[in-house]
Amino acid sequence: MSRLDPLPVSTSTPKERVAYLDNARYWVMLLVVIGHSLTELVVMDSARGVYTWIYAFHMPFFVLISGYTARHYVGDFRQIRRIVSTLIVPYLIVETGLQLITRHYDGEPEHWMILSPQWLGWFLAALFIWRLTTPIWRALKYPITTAVLISLLAGLIEIPNVLALPKVLGLLPFYVIGLHFDRDMFLRLGRLPVRVASVVLLVGTFVVCQLYAGDWAQERPTTTWLLWKARYDELDSGPVEGVLIRAMLMVIALALTLAALSLVPRARSWTTTLGGRTFYCYLLHGFVILGLDRHFGLWEQIEPYGARAVLGCIVVALIVANLLMTQPVATVFRPVFEPRLTWMFRDPQEDTYHSQGEHPDVWDRGVERRLPPPSNHRHIGRLL
């Protein structure tokens, strides 16, 4: 069976938690929280260097993993219910909450913009759109090439921020690439020569980001490019130059993502357990950061301390991220962010259009189906 063949029909499928996926989510979630905690300090070179390095690959990393774990999506009753309960409901809660806070302190947005995510909600909106379009990427002959072209061309035109469409299209190639990954590819990334090269690449790019942070701030809005949403003309680039720069950033992001993936531990550990709860950390850390900024003015107070403030921010971000991935937090917020909603949907057993086997959840918290090994592998190059 090739990776894109129809899924086998079965009445029951054993599930297992994959430590590698949970470990990957744990480490990338740390980068997410650190990156967001440094946003208000990027006026300093020390913060800008770390911020640029993180943003060069951390969301492409997360998106690729999301694509990989979405490859079994077929749109059955159970999966649709999970989309509503773990994407739509949390999106409405988080976006409403964050907009209430900013409206209280900043007076913005003046009107409710629930369908135009202002911050964290964009990723939930993106997952919703990417997940629903998964059958398209399974059906296309050249899905990766198509996704790359869409991303490159998206920067040429004005796209409204409805459900974060600019970022959805900008980061689309990483989702589609992840959709066409298989376990063998992850295993090949774990080979010793690849890991050695990955360490050199990640450390080398980190050093480069530190050395040139000041120059980039003066010449180009580098950090804005890494948000994958602005038009090229907004970034002071012409159409050809903009396409080339985004293509270059895409290659860099993919290389750094693969390097980071190669270094993710395969064995089960404490990071595996915490990595299974990144959902709550992602949804909640924004409230912590926004509260500290708007209510206490924390970043304005620590900015004069320079590099020490940056280091302190990183340490506190690591502590907060780990706390938000603990069991008590999951126990309290699971009914809020993951309501069962069985009263709203028909029994999955009534679904006569799809297999009745279990499929991974929408957030795919490390749950994999045990499928027979593929027999007619197509190299990912053929999907380009």
message: Grouping I, L, V, M, F, W and Y whenever their side-chain heavy atoms are under 4.5 Å apart, do V196 and L263 come out in a common cluster?
response: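 No, V196 does not connect to L263 through the hydrophobic network.
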Can you tell me how far [atom2] of [Y] sits from [atom1] of [X], rounded to the nearest 0.5 angstrom?
X	Y	atom1	atom2	value
I83	Y73	CD1	OH	4.0 Å
L298	C313	CG	SG	6.5 Å
L256	F61	CG	CZ	11.5 Å

Minimum-distance pair of heavy atoms, taken over all atoms of [X] and [Y]:
X	Y	value
T224	A230	CG2-CB, 4.3 Å
S116	Y91	N-OH, 4.0 Å
A253	F57	O-CB, 4.0 Å
I245	S237	CD1-OG, 3.9 Å
L227	Y55	CD2-CE2, 3.8 Å

In chain order, what residues pass the side-chain hydrogen bond (donor to acceptor under 3.5 Å, both in side chains) check against [X], with sequence neighbours excluded?
X	answer
S46	none
T96	none
Q99	E95
S198	S262

message: Tell me which pairs pass salt bridge (charged side-chain N to carboxylate O under 4.0 Å, His left out) where either residue lies in residues 283-305, with sequence neighbours left out.
response: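 Checked against salt bridge (charged side-chain N to carboxylate O under 4.0 Å, His left out) - neighbours excluded - the pairs reaching residues 283-305 are D106-R294.
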Could you list the residues that satisfy ring pair (Phe, Tyr, Trp, His ring centres under 6.0 Å) with [X], not counting sequence neighbours?
X	result
W119	H36
W270	Y26
F337	F333
Y175	W130

message: Does the structure place the NZ or CZ of R71 under 6.0 Å from the centre of the six-membered ring of Y68, at an angle of no more than 45° from the ring's axis?
response: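 Ring-cation test returns yes.
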query: Quick one: does NZ or CZ of R103 land under 6.0 Å from the six-membered ring centre of W112, within 45 degrees of the ring axis?
result: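 Yes - R103 lies over the ring of W112, closer than 6.0 Å to its centre and within 45° of its axis.
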W228 and its side chain to side chain contact (heavy atoms under 4.5 Å, CB included) partner, picked from L171, V63, L172: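 Among L171, V63, L172, the one meeting side chain to side chain contact (heavy atoms under 4.5 Å, CB included) with W228 is L171.
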message: Could you work out, with salt bridge (Lys or Arg N to Asp or Glu O under 4.0 Å) as the rule, every residue matching R308, not counting sequence neighbours?
response: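 Scan of R308 (salt bridge (Lys or Arg N to Asp or Glu O under 4.0 Å), adjacent residues dropped) gives none.
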- prompt: Does atom OH of Y105 have more than 12 heavy-atom neighbours from other groups under 6.0 Å away?
  reply: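 Yes, because the 6.0 Å sphere around OH of Y105 holds more than 12 heavy atoms from other groups.
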- prompt: Does atom CZ of R340 have more than 12 heavy-atom neighbours from other groups under 6.0 Å away?
  reply: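 For R340, atom CZ is not crowded (no more than 12 foreign heavy atoms under 6.0 Å).
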Close side-chain approach of Y142 to I144, heavy-atom, < 4.5 Å: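 The answer is no, as the side chains (C-beta and beyond) never meet within the 4.5 Å cut-off.
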field: Within-4.5 Å side-chain heavy-atom neighbours: L201 and T205
entry: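 Contact flag for L201/T205 side chains = yes.
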field: Apart from V240 itself, residues in the same hydrophobic cluster as defined by side-chain heavy atoms under 4.5 Å
entry: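 Its cluster partners, ordered by chain and number, are L244.
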query: Less than 6.0 Å separating the ring centroids of Y20 and F186?
result: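 Yes: the rings meet the under 6.0 Å criterion.
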- request: Just jot down the side chain to side chain contact (heavy atoms under 4.5 Å, CB included) partners of A321, sequence neighbours excluded, or say none.
  value: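 Result, side chain to side chain contact (heavy atoms under 4.5 Å, CB included) vs A321: L30, V33, C281, M325.
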